[in-house]
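Below you'll find the structure, written out as structure tokens, and then a few comments.
Order of listing sets the numbers, starting from 1, for every ligand and every atom in it.
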Amino acid sequence: MSADVAVELMTEDQARTELARLSKIMLAANTDYYTAEPKLIDADYDALKARNTEIETRFPALKRSDSPSDVVGAVPAAGFGKITHAMRMLSLSNAFDDSDVEDFDISIRKFLGTHTALRYTAEPKIDGLSLSIRYENGALVYAATRGDGETGENVTENARTISDIPHLIPNAPDILEVRGEVYMSHADFAALNARHSERGGKIFSNPRNAAAGSLRQLDADITRARPLKFFAYAWGELSQPLADTQMGAINALKSFGFSINPLTKLCANPQELVEHYHHIEKQRATLGYDIDGVVYKVDDLAMQARLGFRSTTPRWAIAHKFPAELAWTRLEAIDIQVGRTGALSPVARLTPVTVGGVVVSNATLHNQDYIEGRDSKGEEIRGGKDIRIGDWVQVYRAGDVIPKIADVDIDKRNGNETVFSFPTTCPECGSDAIREEGDAVHRCSGGMICPAQAIEKLKHFVSRGAFDIDGFGAKQVEQFYNDGWIKEPADIFKLEELYGSGLQQLKNRDGWGPKSAQKVFDAINVSRNVDLARMIFGLGIRHVGDSSAALLALNYGSWDKFEAAMTEAAIGESAIWDDLLSIDGVGAVMAKSLVTAFHQESERASIDRLAEQLTIIDAKQPANDSPVTGKVVVFSGTLEKMSRAEAKAKAESLGAKVSGSVSAKTDILIAGPGAGSKAKKAADLGILTLDEDGWLDLIAPK
Ligand code: IVH
């Protein structure tokens, strides 16, 4: 096959066929790219593009009219279809030391209101990428990557090439979703890189990237040639339970033909978890595949169900991470980046150094105090040592976060180091950079006139948790902003009208053709219909993250109500302000930031211009068949049958809004012994008051 032939050995016919194949793959790459994990595809795309150029250089006459080398800045893309997961794919919260594990156990027992020891499973945390595989009536129907947890990429054909994944499971439940990790062994990774280095293919920096690049190949034959493996450790939708316990369910997955990790162990208490952690840690180097910690899960599945989830992580599991890897290098310079809220973030530029298989050349320095050797409370960090340009610093990576600096070696100083003086003006727009009393951060006061803030705000607006416009990511934001075509989010929705036809045509611009231009306009139009939560998050208001946006959406229900409340709320002194603060999960800092954004003239005008372009969809109440859906409930006094945390989680899962204080908006007060003044206030306001049994009776499945 011409795909396997080295360019210098190709015949003309083979070159023609190969150019056709490459152009098909690369041009098919659609702009889905930005919703996936782009770097990996970038790298693979670059390898294909290099091969294409090499052939064209050898056979100039064969260059195609649709040659990918003519597409400037084209976005390589996965070209995979999307699959919405039947049940969300979650991530895990982290523990870093033994005391975090103890706290995990204590908080679980507190939530469940039990004093007896609980059993947990402990198993390696595989450093790969998660996959969900769906079987219907025993046959594999599709496999999808995690994506943003709600929607992933359809990689069914590629998953079928993995030998650990059965295609048929005769004794499976009618609906079975198996979840686990795709990974590449050290041996296969080394062999793949050796093959590529001979043929001039892409060299992967670590097995995880190699596994991800291989699974997300458009051509399943390429995936087949790269040996991937799979460990099953969880499940999604099921037509019937697999077992009563986590361990039982894992054994059921094994009986279906999946590989389960041999180091999975049932432990009787948290001490045994930590022992097993150290046992696994000792074998880490000789396991033959990468792991980055140990995952603990409550064994009893009925308890798992009671514990439920926070916004993106289960309460019943935690990942106990291995200590971060460290390396020493020189700090060459300190740059200042300006974020979407105007925060000036100092970034250390480092002499590149490998830390745990990844080359690191930047590390965050947080803020002025951090550089000077103090934390946010003014207490010494690193023994009070400051960080200077030219210093030797120790960097570490913990998880996927930006590398950080653990220490500085002042014995290595030779007098040529420079103390960094923190700027008092914004390096991007020259406006004053102000550090307010009690704040650790210098902030640019330029607002939207600051190009860095404007661009970061736009990037946030199109990001995954916000408007998530297909084919319109960070790259396009920069391109259009620099061209002067967009200045604020509302402008994105005017692009087609202003630049879709006539003289200023998008399709005549670098990297755009008629099809790609139309595709992006279509995607923009699709995103005009936006959920309320995404809209609120997309505004990029300081302190309002995606889960807070979801909470606000749920509480206000519609854009009109939300916008009216933010407009009318007077900070600190109105009933509307009190309502906002009574939302469990909204604190004074977030509330102030929200109300300020709606009262700041230019920001408000920009929000209004945006809203005009959109149809904002009301928030869905999560469970519309529950008797407490949409009701505002307040718990007060002692609960005896379950902890306050469990009661709150249960109420929210049924669609109720839990508030911390009684007001005219309250629908139900659940008053246990000692409810005191809240019970009196509820009685005065004529609010339905139930005791714990009355509440449990109300919400019991009928
Ligand atoms: S359980 C609902 N078990 O770690 C919880 N995850 O940081 C589902 N991972 O997205 C995850 N090994 O990709 C679980 N033994 C293991 C794991 C594991 C690796 C990954 C998984 C998850 C990520 C969270």
Exercise. Does H276 use its side chain to pair, donor to acceptor, with the backbone of E123 at less than 3.5 Å?
Worked result: no

Exercise. K229 and salt bridge (charged side-chain N to carboxylate O under 4.0 Å, His left out): which partner among D290, D188, D164?
Worked result: D188

Exercise. Centre of F204's six-membered ring, under 6.0 Å away, within 45 degrees of the axis: is that where NZ or CZ of K202 sits?
Worked result: yes

Seminar exercise, completed: Rounding to 0.5 Å, atoms CG (D244) and CE (M303) come to a distance of 12.0 Å

Exercise. Does NZ in K650 sit with more than 12 non-hydrogen atoms of other residues, nucleotides or ligands closer than 6.0 Å?
Worked result: no

For this session: Show the protein residues that qualify under the rule heavy atom under 4.0 Å from an atom of ligand 1, listing them in chain and number order.
Result: L90, S91, L92, E123, P124, K125, I126, S130, E181, Y233, V295, K297, P314, W316

Exercise. Are C267 and T121 close enough that some pair of their side-chain heavy atoms sits under 4.5 Å apart?
Worked result: no

